[in-house]
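Data first, discussion second: the structure below is written as structure tokens.
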Amino acid sequence: MRGVSERGRGYRVLTWRDGAVEMLDQRLLPHRVEYVTCADSRAVADAIREMVIRGAPAIGVAAGYGLALAALRSEADDPAGLRRDLASAAETLRASRPTAVNLFWAVDRVLAAVARPGLDSVALLRDAALAEAHAIREENARVCERMGQHALPLIPDRARIIHHCNTGALATTDYGTALGVIRAAHEAGKGPHVYVDETRPRLQGARLTAWELRELGIPHTVIVDSASGHIMRTAGVDLCVVGCDRVAANGDTANKIGTYNLALVARAHGVPFYVVGPLSTLDLALPHGDAIPIEERAAREVTHIEGEQITPDGVAVANPAFDVTPAEYITAIITEAGIAYPPYEESLPQLVEAARLQPAR
Ligand code: MRU
């Protein structure tokens with residue numbers, strides 16, 4: 001299955017093919033376009049953990065297919081046994097990465113689909129799990145395009161934009177969130193120019209965002225993360241736009257490490273700071289960002305570049321993969337149901353309610 005942004009493109013982020021999931025191996029980009037085939041849910045969990053696939057919405061899509069694979073591979077011969085196997089696979093998938101709430105949302109959604117009454121055979125349950133995984137993926141594309149359209153009035157002509165991490169089709173399987181906003185502005189003829197934060201340590205900006213922007217023909221300049229203040233002072237920046245991995249009820253937002261620094265610099269320069277994410281990235285059960293689990297990744301991501309050690313032996317390393325930007329630094333949060341402005345405790349539930357009345361499906 002090819003999505004909107006995949007038509008006419010030379011690569012596929014995630015494909016369901018012959019009872020398996022094929023993923024573009026994002027660890028090898030931009031120099032090699034190779035695919036990893038996951039034949040069972042454990043392989044999907046490994047691919048998420050190892051960042052073959054990454055980005056909050058894409059992780060959610062992958063997890064949905066992980067459960068579809070668990071249903072397909074289960075040897076259970078009755079619905080109760082199959083549901084037990086799915087519950088076990090769900091635990092494995094949930095343990096793969098902790099911060100992006102989309103993963104947990106997608107797992108819960110597929111489990112709810114197979115819990116529906118009337119599914120009284122193993123075959124029906126398998127169909128229901130796969131249909132829900134497909135639905136999550138297809139909705140993702142529509143939701144991203146809607147966010148892009150909602151954001152258009154916020155983007156001035158010839159906007160100079162700083163973007164952090166990667167939030168494009170690679171991170172969502174289709175179109176993108178923050179990068180989708182930039183893409184929508186480009187397609188609307190607004191002529192944006194993107195300053196691409198390289199995004200240490202995994203370099204999602206330098207490797208992935210620059211690759212996607214080049215494919216889309218959107219002008220861009222890669223900068224090191226610490227250049228944002230200088231660029232704002234010298235070149236001038238109209239806005240910053242980033243994605244999100246989990247947004248708490250008060251608007252505090254977890255996103256790729258370095259997002260908080262960028263938000264502080266933006267505030268110091270009076271530059272609007274926009275967060276873009278689907279409603280599936282909201283976690284309104286959490287009152288504030290301190291409750292968001294922050295993934296700590298291997299020290300080697302910091303101590304080594306391309307396999308070469310760059311630090312002295314035995315150096316102490318902290319490698320939080322995400323940070324939390326307090327809501328007070330966020331100008332607005334753009335979702336498929338519209339734009340939320342402070343106070344987010346009020347505006348976010350209003351958007352959730354609006355979407356409930358008019359779903360994206
Ligand atoms: O560690 P990653 O690459 O999965 O982190 C990705 C990000 O932080 C993105 O900004 C976020 O998931 C939003 S993607 C649309």
Side-chain angles (χ1 to χ4, degrees), residues 3 5 13-14 23-27 29 47-63 96-106 137 140-141 143-148 151 162-184 196-209 211-212 225 240-247 253-263 273-283 289 292-298 301-302 319-325 330 333-336:
S5 62
V13 180
L14 181 148
M23 297 177 192
L24 178 61
D25 190 342
Q26 299 191 26
R27 298 169 303 180
L29 293 173
I48 293 172
R49 186 179 308 103
E50 300 301 326
M51 296 177 68
V52 171
I53 192 160
R54 30 66 48 203
I59 290 172
V61 171
S96 57
R97 290 191 79 186
T99 303
V101 75
N102 309 60
L103 184 146
F104 304 87
W105 169 87
R137 195 216 154 126
N140 232 358
V143 155
C144 285
E145 288 195 73
R146 277 197 198 186
M147 293 191 290
I162 297 188
H163 173 275
H164 194 66
C165 195
N166 171 265
T167 66
L170 292 169
T172 58
T173 70
D174 225 323
Y175 206 81
T177 59
L179 217 56
V181 165
I182 291 168
R183 179 175 169 176
V196 179
D197 272 358
E198 63 167 355
T199 317
R200 274 279 286 159
R202 300 281 304 211
L203 303 175
Q204 288 94 330
R207 294 190 305 107
L208 308 179
T209 300
W211 193 62
E212 285 200 62
D225 302 334
C240 298
V241 63
V242 299
C244 47
D245 288 84
R246 199 184 287 232
V247 179
T253 294
N255 191 49
K256 179 52 55 194
I257 192 73
T259 302
Y260 179 27
N261 295 48
L262 181 62
F273 190 87
Y274 298 116
V275 168
V276 187
L279 296 174
S280 54
T281 312
L282 303 184
D283 190 354
I292 298 175
I294 298 295
E295 178 181 13
E296 180 78 23
R297 290 190 66 87
E301 290 185 349
V302 176
N319 186 18
F322 301 93
D323 57 27
V324 173
T325 300
I330 298 170
I333 300 175
I334 298 153
T335 77
E336 70 271 32

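Numbering of ligands and ligand atoms starts at 1, following listing order. Residue indices begin at 1 and follow the sequence shown. This is a predicted model, so every value here is computed, not measured.
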Legend entry - Evaluation steps, side-chain contact (heavy atoms from CB on, under 4.5 Å), between V276 and T167: CA-CA 9 Å; V276 187; T167 66; over 6 Å; no
Ligand 1 and [X], any nitrogen or oxygen pair closer than 3.5 angstrom?
X    : result
R54  : yes
T177 : no
G55  : yes

Inset, instruction - Please work out which of R97, Q26, R297 has its closest non-hydrogen atom nearest to atom 4 (O) of ligand 1. - result: R97
Inset, instruction - Would you indicate which of C165, A58, A254 comes nearest to atom 6 (C) of ligand 1 when only heavy atoms are counted? - result: C165
Between [Y] and [X], is there a side-chain heavy-atom distance shorter than 4.5 Å?
X    : Y    : result
T177 : P278 : yes
E301 : R202 : yes
L29  : L170 : yes

Inset, instruction - Return yes when R202 approaches ligand 1 closer than 4.0 angstrom through a heavy atom, no otherwise. - result: no
Inset, instruction - Please confirm whether A100 comes under 4.0 Å of ligand 1, counting heavy atoms of the residue only. - result: no
Legend entry - Salt bridge R246-D283, side-chain N to carboxylate O under 4.0 Å: yes
Inset, instruction - Identify, for atom 11 (C) of ligand 1, the protein heavy atom at the shortest distance, and state residue, atom and that distance. - result: D245 OD1, 3.1 Å
Legend entry - Nearest-contact summary for atom 9 (C) of ligand 1 - protein heavy atom, Å: N255 OD1, 3.4 Å
Inset, instruction - Could you pull out the closest heavy-atom pair between V242 and A178, with the gap in Å? - result: C-CB, 3.5 Å
Inset, instruction - Please state which part of Q204 comes within less than 4.0 Å of ligand 1, counting heavy atoms only: side chain, backbone, both or neither. - result: side chain
Inset, instruction - Could you see which bit of P57 sits under 4.0 Å from ligand 1, with heavy atoms only: side chain, backbone, both or neither? - result: side chain
Run the numbers for me: atoms of ligand 1, each under 4.0 Å from some heavy atom of [X], listed by number.
X    : answer
A56  : 12 (O), 14 (S)
A171 : 14 (S), 15 (C)
K256 : 1 (O), 2 (P), 5 (O), 8 (O)
T172 : 15 (C)

Inset, instruction - Check the side chains of R54 and Q204 for a donor-acceptor pair under 3.5 angstrom, ignoring hydrogens and angles. - result: no
